[in-house]
Amino acid sequence: MQLKFFGHSAVLLSGSKNIIIDPFFKDGRAPSGIDLVAVTHGHRDHLGETVSINRLTVAGNEIAKYLEKKGLNTVGLNIGGSAFVEGVSFMMTPALHSSWIEEAGPGVYGGVAGGYVIEMDGKRIYHAGDTGLFSDMKLIGEYLRPDIALLPIGGKFTMGPDEAMIAAQFIGAKIVIPIHYNTWPVIEQDPGMFKFALERTTDIKVIVLKPGEDFFVN
Ligand code: NI
Ligand code: MN
């Protein structure tokens with residue numbers, strides 16, 4: 001499986017299916033050839049281009065209903081639930097965050113925010129979505145045993161690097177990839193410092209990807 005980081009929280013998993021998670025592209029466009037979309041919550045920097053990509057979309061129930069009204073085919077999940085979608089396993093994990101859909105007027109209720117553990121081709125990827133630190137990340141680690149954890153480090157709206165270091169140890173994935181930082185000045189962080197600190201104190205490897213960079217998952 002190949003993992004490509006598009007910046008912010010947008011990550012493409014390419015294996016037996018091409019899955020884009022949180023397809024928001026600040027400076028670019030959605031890649032072509034997408035089979036499945038997964039959305040962690042309703043904020044615009046995560047829902048992103050979901051509607052225009054218009055592929056089968058995994059989302060929380062409320063966002064799934066919203067997308068169905070826009071004409072999309074969806075699989076609606078809720079926290080702790082899972083589904084096999086075209087041979088790929090999705091489990092929706094909790095996230096400590098909010099989830100309204102930012103539209104003109106009062107906006108649309110987006111249910112609760114989540115993350116996903118996605119298993120494809122024998123590899124498990126945990127995309128935490130936007131979240132604060134929570135101790136049930138230990139349960140995600142023990143029960144779902146992800147190979148790779150994608151964790152927000154930007155702070156302000158999510159965990160910062162200090163909390164993400166604790167999260168990484170709770171989850172126990174051998175590889176951590178930081179996300180949700182440096183998209184805007186308000187979430188500016190130094191991923192190199194995060195890598196240095198986590199690798200100095202644990203056996204976890206931190207892979208820092210620039211937008212557009214790939215990582216081969218083996
Ligand atoms: Ni958010
Ligand atoms: Mn966000």
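Whatever order the structure lists ligands and atoms in, that order sets their numbers, starting from 1. Numbering starts at 1 and runs along the sequence shown.
With Y116 as the partner, the side chain to side chain contact (heavy atoms under 4.5 Å, CB included) test is satisfied by one option alone out of I19, D22, T93, T40: T40.
Taking backbone and side chain together, H46 holds an N, O or S atom under 2.8 Å from the Mn ion (ligand 2). Among the backbone and side-chain atoms of H46, no N/O/S atom is found under 2.8 Å from the Ni ion (ligand 1). In summary, an N, O or S atom of D130 is located under 2.8 Å from the Ni ion (ligand 1).
H180 contributes NE2 as its N, O or S atom closest to the Mn ion (ligand 2). Of all N/O/S atoms in D130, OD2 sits nearest the Mn ion (ligand 2). Residue H43 approaches the Ni ion (ligand 1) most closely through its N/O/S atom ND1. When the N, O or S atoms of D45 are ranked by distance to the Mn ion (ligand 2), OD2 comes first.
For the pair D147 and R124, the salt-bridge criterion is not met [side-chain N within less than 4.0 Å of a carboxylate O]. Under a 4.0 Å N-O distance rule, the pair K26/E49 does not qualify as a salt bridge.
Side-chain contact, D130 with H43: no donor N or O sits under 3.5 Å from an acceptor N or O.
Ring geometry for H46 versus H41: interplanar angle of 30 to 60°, hence tilted. Between W184 and H8, the ring planes lie perpendicular to each other; the angle is over 60°, past the 30° to 60° tilted range.
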